[in-house]
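Notes follow the structure.
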Protein chains: 2
Amino acid sequence: MKLSKTSEYALRILGFMINSEKQVFTARYLVTYLHIPDKYLRRLMTDLARNGFIKSIQGREGGYVFAKNATTIHLSEIIDAVEGMDKYTGCLLGLNNCSDDSPCSLHYAYAPIRNQVLNLLDTLTLADLKSLKIKRF
Amino acid sequence: MKLSKTSEYALRILGFMINSEKQVFTARYLVTYLHIPDKYLRRLMTDLARNGFIKSIQGREGGYVFAKNATTIHLSEIIDAVEGMDKYTGCLLGLNNCSDDSPCSLHYAYAPIRNQVLNLLDTLTLADLKSLKIKRF
DNA sequence: ATTAAATACTATCTTAAAGTAGTATTTTGC
DNA sequence: GCAAAATACTACTTTAAGATAGTATTTAAT
Ligand code: SF4
Ligand code: SF4
């Protein structure tokens, strides 16, 4: 139902970048548009770079660019990189090793929706977030 | 996608109670069956009592009983009581004042599912969690 | 070469959720 | 009356996420 702040930031940053005409993004630029704490965003950017989503260009005129084609970056990969996806596989009631045969009291009502969400995050790519209709990042 | 530990506990406790033949539940009893930290559970129980879901019976032979009919207790009310439901209305990307007219990059794919979840929590009651099939609490 | 503008690194602080400990109070059975 | 078994209350500790601060490094324009 809710991601960690860090995942939110990561998705907002990358979603913002993919919806822009720009190629290179400085931390300063991202901070002013996304209102994410400066130093926190910078750490997150190097983290995203380490994970191969973006590439950093150091020095003057530097910044960040995508490191690979956005069609190959799945949202679940981003979340997995910054906070781990594991905590979401064991779901609403925090249980794990769940199955239809040994369900918690919410399973029949919730598991189908949970699966939709997980499936969505697994199949949606950054490229899918590109749209002219987007007004908020 | 995930509730706070406290909400998980609250739902597991009440879901466990509604699926039992017992009428009165001591904290000790709940702790042994649900493996929730003793003192934490006790605090949560008095909190749930203050919120009118259960009633505490003090003294020897005491414990907790439902304070009203389980068909009148909606899951969203429980979550709202222990951690607040507000944080879930502004969804995946942590934005608020969302609408179809000013969507974030995930809106079209995610909002429908989010609405299903919120709707589920609003309409499901504790009574709906009662089933012979439940194996884990 | 020097400076300016950018990222990288490391260490620390803050905050809120979660968990723990100890004491006080209530009620019933004997 | 008193002990036993339960809940209630208050204060503290721990943990992890989030945020901040300061310094070092890299690179290009001049
Ligand atoms: S809803 Fe199903 S998958 Fe989720 S915690 Fe309950 S049993 Fe496990
Ligand atoms: S998915 Fe829709 S409702 Fe959720 S944060 Fe984005 S714009 Fe708001």
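Naming: A, B, ... by sequence-line order, numbering from 1 per chain.
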* **5′-ward residue of the pair Ser4(A)/Glu61(A) relative to DNA chain D** =>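 Residue closer to the 5' terminus by nearest nucleotide: Ser4(A).
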
Just how far, in rounded Å, is [atom2] of [N] from [atom1] of [X]?
X: Leu41(B); N: dG19(C); atom1: CG; atom2: C1'; answer: 12 Å
X: Lys55(A); N: dT26(D); atom1: NZ; atom2: C1'; answer: 17 Å
X: Leu44(A); N: dT20(D); atom1: CG; atom2: C1'; answer: 15 Å
X: Asp38(A); N: dG18(D); atom1: CG; atom2: P; answer: 17 Å
X: Asp47(B); N: dA17(C); atom1: CG; atom2: P; answer: 13 Å
X: Ile36(B); N: dA18(C); atom1: CD1; atom2: P; answer: 12 Å
X: Tyr40(A); N: dA21(D); atom1: OH; atom2: C1'; answer: 16 Å

* **Least distance between heavy atoms, Arg12(A) atom then Leu34(A) atom** =>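 Smallest heavy-atom distance, with atoms named: NH2-O, 2.7 Å.
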
* Specify the closest pair of heavy atoms between Ile134(A) and Leu129(A), including all atoms of both residues, with the distance to one decimal. =>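 So the two residues come closest at CG1-O, 4.1 Å.
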
* Asked: Centre of Tyr40(B)'s six-membered ring, under 6.0 Å away, within 45 degrees of the axis: is that where NZ or CZ of Lys5(B) sits?
  ->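 That pair does not qualify as a cation-pi contact.
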
* Asked: If you count the non-hydrogen atoms of other residues, nucleotides and ligands that lie under 6.0 Å from NZ in Lys130(A), is the total more than 12?
  ->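 No, because the 6.0 Å sphere around NZ of Lys130(A) holds 12 heavy atoms or fewer from other groups.
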
* Hey, is NZ on Lys68(A) packed in by over 12 heavy atoms from elsewhere, all under 6.0 Å? ->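 Yes, because the 6.0 Å sphere around NZ of Lys68(A) holds more than 12 heavy atoms from other groups.
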
* With no hydrogens and no angle check, do the side chains of Thr71(B) and Asn69(B) hold a donor and an acceptor under 3.5 Å apart? ->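 On atom types as modelled, these side chains qualify, holding a pair under 3.5 Å.
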
* Could you list by number each residue of residues 5-15 of chain B showing a heavy-atom separation from DNA chain C of less than 4.0 Å, or answer none if no residue does? =>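 Contacts with DNA chain C under 4.0 Å: Lys5(B), Thr6(B), Tyr9(B).
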
* **Residues from residues 22-33 of chain A lying under 4.0 Å of DNA chain C - heavy atoms** =>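 Heavy-atom cutoff 4.0 Å gives Thr26(A), Ala27(A), Arg28(A).
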
Contact check, side chains of [X] and [Y], non-hydrogen atoms, under 4.5 Å:
X: Phe66(A); Y: Ile18(A); value: yes
X: Met45(B); Y: Phe25(B); value: no
X: Leu93(B); Y: Ser105(B); value: yes
X: Lys133(B); Y: His107(A); value: no

* To do: Please collect all salt bridge (charged side-chain N to carboxylate O under 4.0 Å, His left out) contacts where either partner lies in residues 102-129 of chain A, sequence neighbours excluded, each pair once.
  =>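 Listed once each, the pairs would be none.
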
* Summarise protein proximity over nucleotides 8-13 of chain D in one line of letters, 5' to 3': B for base, S for sugar-phosphate only, - for none, counting protein heavy atoms closer than 4.0 Å. => SS-B--

* Using a heavy-atom distance cut-off of less than 4.0 Å, which residues of residues 86-95 of chain A contact DNA chain D? ->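 The stretch gives none, as no residue of it lies under 4.0 Å from the strand.
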
Atom pairs and distances, donor-acceptor, side-chain atoms in residues 47-60 of chain B, under 3.5 Å, two or more places apart:
{"unit_1": "Asn51(B)", "atom_1": "ND2", "unit_2": "Asp47(B)", "atom_2": "O", "d": "2.9"}

* Go through the steps for Leu44(A) and Ile36(A) under the test side chain to side chain contact (heavy atoms under 4.5 Å, CB included), then give the verdict. => CA-CA 11 Å; Leu44(A) 182 51; Ile36(A) 295 170; 6.0 Å; no

